[in-house]
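Below is one structure, written out as structure tokens; the observations come after it.
In listed order, ligands and their atoms are each counted from 1.
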Amino acid sequence: MSHAYVPRAAPGGRASSAPLMGGGEEPAIFEMSVPGRRSASFRATGVPEWTAEELVPADELRPEPPAMVEISERDLVAHMTRLAHRQYSVDMGAYPLGSCTMKYNPKVCDEAAALAGLRSAHPAAPPAYVQGWLELLWSLGEALCEVTGMDAITLQPPAGAAGELTGLLMMRAWHASEGRSPSKVLIPGSAHGTNPASVSLAGYRAVSVPSDGRGLVSPGVLSGYLDDDVAGIMLTNPNTLGLFEEHIAEVARAVHDARGLLYYDGANLNAIMGVTRPGDMGFDIVHMNLHKTFAVPHGGGGPGAGPVAVTHRLAAFLPGPVPARRPDGTFAWDRPARSIGRTHGWHGNALALARAWAYVLLNGADGLRRVSEAAVLNANWLLSRLRGTYAVPYDRPAMHEVVVSTRDAPGPAAGLRALDVAKGLLERGFHSPTVYFPLVVAEALMIEPTETESPETVHALAEALVEVASGSAADLAQAPRTAPVTRADEALAARTLVPTWDALSRA
Ligand SMILES: *Cc1c(COP(=O)(O)O)cnc(C)c1O
């Protein structure tokens, strides 16, 4: 097997038996292994060398050494760099993946989080030694409470879904403190998939409330679902159709009257910062995705942050410890009186929190508002360019994202598959939008341009979406021809998923 890099010669399908590995003619790293080759060599130092047999009890040793790649440092770096160049990323261009807020993350936030005093602190350091860190965490918490209209917060959860579980466990603890144990949580039909999953994980039953003809939760429909057994409702506003829930105040009143709590999925906070607040709408619990709205890099499972903010009546249940400011201006850790316990080790993904604080300082309150205004403006401008080409199933002013469809499109997109449109977009240098979500829209394309793209880029994205739609379905079915990995055989990929090299040898 040759190690040389052979650039892709011509467009065409992939013949590999491993549908999701590598791509093109790039060898898999295990194919580059040469027995005995190493990335490092050590000089003889006179320090005694121990063998594995001398260090590890015999019954703990593997019978055979594990299969490892044997490769030189030079070839390893070249291989990884070639793969990295095949990646599309936020730093390369627009990434309009709806509901994910893949906006550009200013590098100054990384620089702030990399300051030695932050980076080198030990999480177990006594508070007296890390007053700066504590002040940062406390200040971030205060700012996020201000943005959401809440009273108290935990910064521990490492992701949005982890925040959802944390919030729901607080909901459960609150009901228990009232001597109640309702079993259902209501969720609108357009909800993000993590919502019902978190509800089940928290021991509740998710009950789906259908949206009305305008894509909203209607108080009339909701009243049919509210009874003694309802612990609360989980909503996002704007919802996953990108629409603002107009009846939110009425919905809040009805749920509270039924002794339920309102949970706000704040992953979409990018649409409303400085304009409106979940607390003002009547919500009791809010999680935020700092890795969406507050410029913490995300995707690929990197460290995120999903803080949960609550109103006064739930503050005693927050996971602990929480950063607190003493009357003398010093900072300390407090344990809330009826804490549900930890939801993450130490203090969450602390450097993600440092990035978010840098982002808050960078923008200020007025800047955060401008972020949301520009995000909404970009989405509405895009929507105005797509009308006529794509169907707009819920055609109202959008918030930060727009949902269009090829189904029953008034223009050239009619009859195309959303998937093919997404693949066609890849050939034009853009990441694809979210497709087939929300589930309530057939052949959905959910597009979130974000505020960080220039007018020129949003224009180019709109042009690309219109141009793709005017292609023939047969031609689009071949896309993407120019990407390192061309069209995968979806059925084959689903049935014989080969995510790792050792899985390939077992397949
Ligand atoms: C992204 C998202 C989530 C989940 O957040 P993770 O950090 O991926 O766990 C939940 N709800 C909505 C609306 C989202 O967009």
L269 vs Y264, side chain to side chain contact (heavy atoms under 4.5 Å, CB included): CA-CA, chis, key distance, verdict | CA-CA 10 Å; L269 218 55; Y264 185 99; 4.2 Å; yes
Once you restrict both partners to nitrogen or oxygen, which atoms of ligand 1 have a protein partner under 3.5 Å, and how far apart are they?
| from | atom 1 | to | atom 2 | distance (Å) |
| --- | --- | --- | --- | --- |
| ligand 1 | 5 (O) | N289 | ND2 | 3.0 |
| ligand 1 | 7 (O) | G160 | N | 2.8 |
| ligand 1 | 7 (O) | N289 | ND2 | 3.3 |
| ligand 1 | 7 (O) | H291 | NE2 | 2.6 |
| ligand 1 | 9 (O) | G160 | N | 3.4 |
| ligand 1 | 9 (O) | A161 | N | 2.7 |
| ligand 1 | 11 (N) | D265 | OD1 | 3.2 |
| ligand 1 | 11 (N) | D265 | OD2 | 2.5 |
| ligand 1 | 15 (O) | S99 | O | 2.7 |
| ligand 1 | 15 (O) | S99 | OG | 2.7 |
| ligand 1 | 15 (O) | K292 | NZ | 2.7 |

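Looking at E401, its side chain never comes within 3.5 Å of a backbone N or O of G98 through a donor-acceptor pair. Counting only distance, with no hydrogens or angles, the side chain of R355 and the backbone of A295 share no donor-acceptor pair below 3.5 Å.
Applying the side-chain contact (heavy atoms from CB on, under 4.5 Å) test to V275 and every residue at least two apart in sequence or in another chain returns R369. Residues forming a side-chain contact (heavy atoms from CB on, under 4.5 Å) with A462 (at least two apart in sequence, or on another chain): W381, L382, R385. D408 pairs by the side-chain contact (heavy atoms from CB on, under 4.5 Å) definition with nothing, not counting sequence neighbours.
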